[in-house]
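Throughout, a chain's letter reflects where its sequence line sits, starting with A, and its residues are numbered from 1. Treat the numbers as computed from the prediction; the structure is a model and nothing was measured.
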Amino acid sequence: MGSARSALFNWLYARHTGGTFVLRIEDTDTERTTEAHLTAITGTMRWLGLDWDEEYRQSDRFDLYRSAADKMVADGLAYYCNCTPEEVKARAEARGDSAHGGYDGHCRDRNVAPGEGVVVRFRTPDEGVTGWDDIVRGRVEFDNAVLEDFVIVRSNGVPMFHVANAFDDLDMGITHVVRGEDLVNTTPRVLLLRQAMGGAEPPVYAHLPLIVNEQRKKLSKRRDDVSVGDYADRGYLPQAMANYLATLGWGPKDGEEIRPMAELVELFDLADVNKAPAFFDVKKLDHFNAEYIRAMPLDEFVEACRPHVEAADPPIPAELFASLAPFVQERVRRFDEAPGFLDWVVGDAPEPQPKDWKKTMKGDGPPAVLDGVLAKLDDVAWEPEALEALVFGVGEELGVKSQLPVRLAVTGRRAGLPLFEPLAELDRETVRARLQAARARL
RNA sequence: GCCCCCAUCGUUCAGUGGCCUAGGACACCUGCCUUUCACGCAGGCAACACGGGUUCGAAUCCCGUUGGGGGUGCCA
């Protein structure tokens, strides 16, 4: 979700400014890279409507990064190091230095030769400051002294993302880097590497506020629903999702939140992005989604519901759903909620909640209503209008409102679709049985 | 521990020294509409974390405190 939001802001800015939106797959961690991840990324972007103008995979370009690293070694800006991670950590602990163990520069001048178990480290400056003017955060600076000599090429020869990014930003002429705030502290490293590669003007950086959960912590795969694909499966519309995401950390000046992408593109500016983290509020997403759903043409709505309608248990016949769909469309916030409105039509009605039963069936009215309807059930024409006339007629004779007792008896709930259209889809005997069962309980 | 960052209603966005008795949206509550619910409409509840400055004047600028977050990998 966080990456999708970053991609969205990149895209909005690129489209707003008429720039070029580059999709760069940063798959330098060969252990974790899978084809499935890649298709998940491109699939999500396509789903959200974020089209890109150029596409690269860093795993196709390892040789370029390696030569850049070699050149830095030759220039004395980087060096080989054969310390094992254990050794590095042990020395750090001995120093009582940092919690996780910063590298101490042990191999800086040892002239280690390349080989098995040897990494390339960048020689960070001991003095000075590395900083940049972040579009959203303003001036951000790091003392070079706190930057350890970090690894730029692993012992297996695969370059790390810092070098890859520094090289690619330069090579691809990247002008703007828009990403999550969790990447701020890697920025000085990339900046230093860029300088070492002879890069002059750095790109413009914009570090977006994080999207957080109710605990105010960065969304995490373990604890939170972060998969955009899962939201798609549950019946969220991509337009609604993109629109909602656009209001996290940014918002149109005029306060009009729900609006077409084209307008968002027109209004969006990185300079207006907030600094404070934003909570991912599913309730508000639901509202956006409901608005988009109600605005859909009916046939598109029916089509969007189809997977959920077909998967329902018991299944809902397509024609039945189509005929009742207009009523469902007004009430649903997600497509996966659609079958729930028709469960009592295709299967047994749910057992009424005790408190609903008490509230609805109290007094002399309900039994009289049920008796009255039951008495005339054989003679009524089996169509919505006639059923409505029957139920309301009984109520008028008795001087009470008659819908609720009938509704609860037949549907098991106090709330739901307009009663008589779906009721006409049930057969006479089923309705009789349910009314009698309810009457018997009074 | 060290580094970096953040701080307006429960949530989100607005507000960039006076127009703020702080506005919109979501959520919540009330009423209207409707013989259900939902939609719609009308209202309501509800915030500038705290303490110092600067200034004629501060939600807006500065400092500190408190609180929260991110990072600290041969992950990105």
Checklist entry - Salt bridge between A:Glu257 and A:Lys284, side-chain N to carboxylate O under 4.0 Å? => result yes
Checklist entry - Under 4.0 Å between a Lys/Arg side-chain N and an Asp/Glu carboxylate O for A:Glu337 and A:Arg334? => result yes
Checklist outcome for this item: Taking for A:Val136 and for A:Phe279 the nucleotide of RNA chain B with the nearest heavy atom, the one nearer the 5' end belongs to A:Val136
Checklist entry - Of A:Pro209 and A:Phe142, whose nearest nucleotide on RNA chain B comes first from the 5' end? => result A:Phe142
With sequence neighbours left out, write down each residue that passes side-chain hydrogen bond (donor to acceptor under 3.5 Å, both in side chains) with [X], or none if nothing qualifies.
X	value
A:Glu396	none
A:Gln403	A:Arg407
A:Tyr65	A:Arg61, A:Asp168

Item to check | A:Asp126: partners by side chain to side chain contact (heavy atoms under 4.5 Å, CB included), with sequence neighbours left out | outcome: A:Arg108
Item to check | Gap in Å between the two C1' atoms, one belonging to B:C75 and one to B:C62, rounded | outcome: 40 Å
Is [N] paired to anything, Watson-Crick or G-U wobble with both distances less than 3.5 Å, and if yes, which nucleotide?
N	value
B:A25	B:U11
B:G40	B:C32
B:G1	B:U72

Next on the checklist: Using a 4.0 Å heavy-atom cut-off to protein, can you give one letter per nucleotide of nucleotides 18-36 of chain B, 5' to 3': B if the base is in contact, S if only the sugar-phosphate is, - if neither?
Outcome noted: ------BBSS-------BB
For [X], enumerate each residue passing the salt bridge (charged side-chain N to carboxylate O under 4.0 Å, His left out) test, keeping only those at least two apart in sequence or located in another chain.
X	result
A:Glu383	none
A:Asp70	none
A:Arg57	A:Asp27, A:Glu35

Next on the checklist: The side chain of A:Ala278 is closest to which nucleotide in this list: B:U12, B:C3, B:C6?
Outcome noted: B:U12
Next on the checklist: Counting only side-chain heavy atoms from C-beta out, which of B:A7, B:A76, B:C13 sits nearest to A:Ala276?
Outcome noted: B:A7
For nucleotides 43-46 of chain B, list the nitrogen or oxygen atoms of the protein found under 3.5 Å from its nitrogen or oxygen atoms, one pair per line.
none

Checklist entry - Which side-chain hydrogen bond (donor to acceptor under 3.5 Å, both in side chains) pairs, counting each pair once, include a residue from residues 409-418 of chain A, with sequence neighbours left out? => result A:Asp343-A:Arg413, A:Thr360-A:Arg414
Between [X] and [Y], is NZ or CZ placed under 6.0 angstrom from the six-membered ring centre and within 45° of the ring axis?
X	Y	value
A:Arg441	A:Trp357	yes
A:Arg5	A:Phe9	yes
A:Arg189	A:Phe150	yes

Dump the pairs, protein N or O against N or O of nucleotides 62-69 of chain B, anything under 3.5 Å, distances to one decimal.
unit_1: B:G69; atom_1: OP1; unit_2: A:Lys217; atom_2: NZ; d: 2.6

Checklist entry - Would you say the side chain of A:Arg294 and the base of B:C39 hold a donor-acceptor pair, judged only by whether the two atoms sit under 3.5 Å apart? => result no
Item to check | Of residues 153-170 of chain A, the positions that come close to RNA chain B - non-hydrogen atoms, cut-off under 4.0 Å | outcome: A:Arg154, A:Ser155, A:Met160, A:Phe161
Item to check | Sugar-phosphate only, base, or nothing, as touched by A:Thr28 at under 4.0 Å among non-hydrogen atoms | outcome: sugar-phosphate
Checklist entry - How are the rings of A:Phe288 and A:Tyr244 set relative to one another: parallel (under 30°), tilted (30 to 60°) or perpendicular (over 60°)? => result perpendicular
